[in-house]
2 protein chains.
Amino acid sequence: MGRQPSAKPTSFDIAYLAGVSQPTVSRALRGSKSVSAATRANIERIARELNYTVDKNASSLRSQRTHTLALLFFEDPTPDESMINPFFLSMLGSITRECALRGYDLLISFQQMHNDWHVAYQDSHRSDGIILLGYGDYQLYLTKLEHLVEMGTKFVRWGSVSDDGIGLTVGSDNVGAGEQAGAHLIAIGRRRIAFLGDASDHAPEFQDRYTGLCRAMRQADVEPDPALQRDAVSSEDSGYAAAKSLLASGKPFDAIFAASDLIAIGAMRALAEAGLRLPQDVAIIGFDDIPSASLTSPTLTTVMQDMKGAGTLLVDALLARIDDRPVERTMLPARLIKRQSTAV
Amino acid sequence: MGRQPSAKPTSFDIAYLAGVSQPTVSRALRGSKSVSAATRANIERIARELNYTVDKNASSLRSQRTHTLALLFFEDPTPDESMINPFFLSMLGSITRECALRGYDLLISFQQMHNDWHVAYQDSHRSDGIILLGYGDYQLYLTKLEHLVEMGTKFVRWGSVSDDGIGLTVGSDNVGAGEQAGAHLIAIGRRRIAFLGDASDHAPEFQDRYTGLCRAMRQADVEPDPALQRDAVSSEDSGYAAAKSLLASGKPFDAIFAASDLIAIGAMRALAEAGLRLPQDVAIIGFDDIPSASLTSPTLTTVMQDMKGAGTLLVDALLARIDDRPVERTMLPARLIKRQSTAV
DNA sequence: GGCCATAGGGTATACGTATACGCATATTAT
DNA sequence: ATAATATGCGTATACGTATACCCTATGGCC
């Protein structure tokens with residue numbers, strides 16, 4: 001209780017107590033091999049007794065390495081905050097864990113795409129590298145990414161691995177996942193398969209999923225019908241609208257592959273309102289396996305991404321980049337979770 | 001493209017270009033009043049042209065202020081990672097936003113309660129203060145909190161405002177919310193109301209909610225039956241088990257107030273399996289308003305906490321504490337969202 | 001005209017660590 | 001035995017900023 005304020009101990013204090021010089025303390029604690037085992041042990045003991053911790057600021061200033069990563073998450077500038085991509089949280093969990101494991105701190109910041117995030121973190125020596133997550137204006141995104149590359153900033157981003165590839169990208173095997181989904185729908189006898197989700201190059205991940213779907217269909221000698229594709233962003237409302245539009249067109253369809261679970265959930269609402277039975281009249285598959293997917297009725301068949309692996313891979317790739325080690329681009333496998341919405 | 005690597009500009013570079021000394025640059029950029037308007041404008045212009053940003057490490061080292069907050073989130077050591085409290089994400093959003101607004105960075109870290117998190121952040125000068133979020137072994141928690149207080153560490157925590165109050169606590173009006181829930185159940189004619197959630201002082205928030213429920217019941221001259229209370233942690237499985245135990249007891253009940261939505265969802269599963277009709281046989285209310293709450297069937301009546309307000313308040317309170325400004329403890333109002341599970 | 005207050009900004013230095021370099025002593029090679 | 005390493009550590013200094021202190025010029029006031 002009545003403990004003295006005890007000014008934070010410095011490496012000088014330890015040096016004094018150990019009868020050595022301050023640099024020796026630094027060397028000992030950082031694991032330099034040019035300090036004897038006995039001296040090191042003694043220094044470590046004293047450090048522990050004093051509850052000494054290296055001053056992060058001084059250390060970073062001198063070494064020019066912060067041992068901190070920054071995670072920038074881009075949110076759509078919508079009023080509805082719950083639209084945050086639901087699997088983000090799991091990824092955040094594995095990213096923080098991986099960072100902790102490697103001795104790195106994690107700075108986090110939610111950003112709007114139009115802000116000047118691309119200058120703030122590297123120049124001010126807050127972090128050694130940046131992880132980019134989320135969506136937004138894709139063209140603006142690419143512009144700023146180019147700027148990062150120019151400045152020599154180290155970064156990784158989550159996204160479509162098969163895109164033009166500015167910088168280093170880590171992502172799921174969206175094409176393969178789309179293919180799995182398509183093959184499953186074909187296997188249960190569906191031929192007129194609709195796709196809900198932006199198929200343009202403004203949303204490379206959605207585009208990849210559509211590509212996979214088409215590939216699976218063609219493999220079964222079914223030609224995808226462009227009239228059965230509707231643009232949608234990842235939200236219930238957008239999915240609802242897209243399905244409405246599809247229904248209004250009068251074009252018959254017996255299955256939907258939605259680019260995200262939120263889109264799928266919105267679409268299910270529209271289908272139910274139209275009096276269609278799921279999955280008898282229309283089978284439906286989502287993407288992400290958000291918690292709600294197992295609560296819809298019928299429960300939603302969907303694609304589960306490897307979020308733990310994603311966090312680990314993002315951090316590993318970024319650290320490799322920071323250390324100028326070579327890093328091969330990797331795609332994470334995704335798995336189809338079959339539930340009632342495709343159970344015939 | 002072929003831009004020179006251009007070493008990061010320092011305040012000396014600016015000083016040279018502006019024809020002043022380095023300290024003047026520092027003063028100008030930090031808004032000191034002892035620098036003329038003309039000089040300041042000139043310095044700011046040059047700084048902008050050079051894309052200058054203050055080196056965070058040097059600044060923090062010298063001023064002993066990091067302008068960074070640390071967010072420590074305690075997760076239950078369960079294998080299931082999705083158990084992370086669902087409203088955490090919204091709170092995270094508002095916390096980061098509030099930090100950005102105040103010019104603070106946010107460090108985030110997921111912790112197990114048993115780790116030595118209580119020494120790592122303050123001593124190493126990573127952050128000016130700590131926000132504590134989440135659950136875990138409550139007794140261990142209190143011990144470590146006392147340690148923080150002893151060391152003079154600035155922190156705020158999210159939790160029960162009415163508890164013993166080690167340090168500064170910000171939280172919802174859990175008692176009031178429980179009272180609302182109870183009053184609503186009474187209003188629809190229910191008298192035998194069960195409570196699922198730990199009612200001991202190991203989980204003060206849940207305890208508060210139970211207290212509120214009891215208060216509302218007594219107000220209506222209904223004596224709460226302790227036999228209708230079951231301990232549960234915030235998970236579907238736990239809720240399922242608790243409801244099962246309740247059913248097995250044979251004690252009749254016509255309503256359930258669950259301490260969280262996850263508990264409620266698990267309980268609904270158990271009730272459905274028992275062939276009970278919701279809400280005719282048993283009305284049910286949850287807590288948190290997670291996205292899934294509107295997808296259950298029947299949709300779940302629940303309590304919505306003010307998560308945006310929570311983030312703002314946590315940050316504000318912590319900053320006040322850091323600046324040694326007085327800070328009054330505040331409770332955030334919570335709102336009952338009425339859905340089908342209590343619609344008779 | 002002498003005095004003081006004030007504005008504006010320079011000088012010197014501290015924050016705590018990490019690293020280049022040098023210098024002994026101990027070890028091995030020849 | 002002597003030169004060539006290697007080992008273990010001290011000395012000096014740099015990282016980039018913020019602040020205490022000091023100095024000059026100007027203006028107002030009596």
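Within every chain, numbering begins at 1; the chains are lettered A, B, ... in the order of the sequence lines, protein sequences first and strands thereafter. Computed from a predicted structure; not experimentally measured.
- Across the interface with DNA chain C, nearest-nucleotide mapping of A37(B) and H125(B) shows A37(B) to be the residue nearer the 5′ end.
- Toward the 5' end of DNA chain D, the nearer of the two residues R27(B) and N57(B), judged by each one's closest nucleotide, is N57(B).
- In the 5' to 3' direction, nucleotides of DNA chain D lying under 4.0 Å from heavy atoms of chain B begin and end at dG16(D) to dA20(D).
- A salt bridge links D323(B) with R65(B); the closest basic N to acidic carboxylate O contact falls under 4.0 Å.
- There is no side-chain donor-acceptor pair under 3.5 Å between K56(A) and T66(B).
- Looking at heavy-atom distances under 4.0 Å, S60(A) makes no contact with the nucleic acid at all.
- Contacts of S36(B) with the nucleic acid, taken as non-hydrogen atoms under 4.0 Å apart, involve only primed sugar atoms and P, OP1 or OP2.
- Judged by distance alone, the side chain of D13(B) and the main-chain N or O of T10(B) form a donor-acceptor pair under 3.5 Å.
- Here R30(B) lies in heavy-atom contact (under 4.0 Å) with sugar-phosphate atoms only.
- D324(A) and K154(A) are joined by a salt bridge, as a carboxylate oxygen and a charged side-chain nitrogen come within less than 4.0 angstrom of each other.
- Atom CG in L319(A) sits 10.5 Å away from atom CG in L314(A) (nearest 0.5 Å).
- Contact annotation for T10(B): backbone-only contact, meaning every heavy-atom pair under 4.0 Å involves sugar-phosphate atoms and none involves a base.
- Nearer to the 5' terminus of DNA chain C, by closest-nucleotide assignment, is the contact made by P23(B) (compared with the other of S63(B) and P23(B)).
- Between the R27(A) side chain and the R40(A) main chain, no donor and acceptor come within less than 3.5 Å of each other.
- Here S26(A) lies in heavy-atom contact (under 4.0 Å) with a base.
- Nucleic acid contact class of Q64(A) (heavy atoms, under 4.0 Å, all strands): sugar-phosphate only.
- Backbone-only contact: V20(A) has heavy atoms under 4.0 Å from sugar-phosphate atoms and none from a base.
- In this structure, F12(B) atom CZ and dG10(C) atom C1' are separated by 12 Å, rounded to whole Å.
- Side chains of I108(A) and L92(A) form a contact here, defined as non-hydrogen atoms less than 4.5 Å apart.
- Nucleic acid contact class of S59(A) (heavy atoms, under 4.0 Å, all strands): sugar-phosphate only.
- Terminal axes of the helix from dG1(C)-dC30(D) to dT30(C)-dA1(D) (five pairs each, C1' rotation axis) are separated by 30°, to the nearest 10°.
- In terms of modelled atom types and a separation under 3.5 Å, the side chain of S94(B) and the main chain of M91(B) share a donor-acceptor contact.
- For the pairing with R126(A), the side-chain hydrogen bond (donor to acceptor under 3.5 Å, both in side chains) check across T68(B), D105(B), N57(B) returns one residue only, D105(B).
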